[in-house]
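Any value given below was found using the heavy atoms of this structure, including those in side chains, with hydrogens, waters and symmetry copies removed. Every value quoted in this text rests on a predicted model; they were computed, and no experiment measured them.
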Amino acid sequence: MDSSSDSQRRKRCAACYREFNKKEHLVEHMRTSLHSAHDPRCGVCGKHCRSLDALRDHLTGALPKPECAAAFASRGCPLCLHVLLPPTAAAHSCPAAAPPLGGVLALGCKMVGAGSDGSLDVCARVCVVDEQERVVFDSFVKPHIPVTHYRYDTTGIRPEHLRDAMTPKQAARRVQELLLNGEAAWKARSSRGRARILVGHGLDHDLESLGMDYPAYLMRDTARYPALMKTSNSRLSNSLKYLTLAYLGYHIQIAGRHHHPYDDCVAALRLYRRMRGARPHTCRDAGVGPHAPPPTPAEAFPAWRQRELERMSPEELLQLSTTDYYCWCLDATD
């Protein structure tokens, strides 16, 4: 290898393999890209990707990397996107559910329409499932305002279901009791204690419809988890229907059938277990403990260390880099 190609290699990102003309540009890239051990990675070339969708494009997209695509086609799993070693390829079982972990509940709500045109979402049914996928709470909910569209084709909800149903406040109180698990609300916000992790898809919307909130550090939302989001820079959410088919291998919310919130709870719960326990990476981010926010990017690449950083190799820069989100794999160490 000549000196010019060796110099270019030293300016190539060790995570995504992007090349730069100047070392300072590589440092700036590492400052903003936030590569870490928690990124989805190609099992062939080791490339870091920002999401599982980006990894799928790398392996099977319109312009995949040829050698990676060939290896994935022969011994890759289309659900977990792992590229398996030949002795284990035949024995691979996917999805490989992680062992149950106590202290987790999944929440799902079904909305009906209110307002003059029925476009305002109001909660009409709530379901809570434990990690063994058993229903611990399931109830219709009578909204405070008149329902103008029951959306029967998908919800299966009729006026008689809501006539004697509990109020949103009563439902919220019951859900909160299950989540806090005997813990005082103020303590759950400062220390996990006995409070349970809440799993779901679009949790902010569900909690708002019930008129309740929950500590963000105890919420695991499959609609907002970076590895499950779309590959665009805007980081748009994928639908639960798409995620369930793409990464669990079965259909939910089938057209022409009523959608039960239990199915949504179970799908979100299985996605959470997969991301918590079936990811091919190690937890080496310093300073990130269970349920703690990740270090800020400025702590990893402060501007005052610019010259020192420019003398580092791409591999050393990657060792410094920290993720900008809490990886669910850390729940398994709690």
* Could you tell me whether E131 and R220 have a side-chain N and a carboxylate O separated by less than 4.0 Å? => no
message: So that I know where these two stand, are H258 and Y152 an aromatic pair - ring centroids less than 6.0 Å apart?
response: yes
Worksheet entry | Chi angles and distances behind the salt bridge (charged side-chain N to carboxylate O under 4.0 Å, His left out) call for D138, R125 | CA-CA 7 Å; D138 182 17; R125 189 169 190 174; 3.1 Å; yes
Note to self: Looking at D213 and R189, is any side-chain nitrogen of the basic one under 4.0 Å from a carboxylate oxygen of the acidic one?
What the structure shows: yes
Taking the six-membered ring where the residue is Trp, are the ring centres of Y217 and Y326 under 6.0 Å apart?
-> no
Less than 4.5 Å apart, side chain to side chain, heavy atoms only: is that true for R274 and L248? yes
Point to revise | Salt-bridge contact R196-D130 (side-chain N to carboxylate O under 4.0 Å) | key: no
Could you tell me if the side chain of K47 sits less than 4.5 Å from the side chain of R41, heavy atoms only?
no
Test side chain to side chain contact (heavy atoms under 4.5 Å, CB included), reference F72, set V44, L55, L81, output is L81
Notebook entry, point to check: Does NZ or CZ of R12 come closer than 6.0 Å to the centre of the six-membered ring of Y17, within 45° of the ring's axis?
Noted result: yes
### Query
If two hydrophobic side chains count as joined below 4.5 Å and joins carry through other members, does L210 share a cluster with M111?
no
Less than 4.5 Å apart, side chain to side chain, heavy atoms only: is that true for I252 and L245?
no
### Query
In terms of side-chain geometry, is the basic nitrogen of K22 or E310 positioned less than 4.0 Å from the acidic oxygen of its partner?
no
Worksheet item: Does the distance from a Lys or Arg side-chain N to an Asp or Glu carboxylate O, for R50 and D324, drop under 4.0 Å?
Response: yes
Short N-O contact, R151 and D121, less than 4.0 angstrom
yes
Q.
For E308, is there an ion pair with R305 - N to carboxylate O distance below 4.0 angstrom?
A. yes
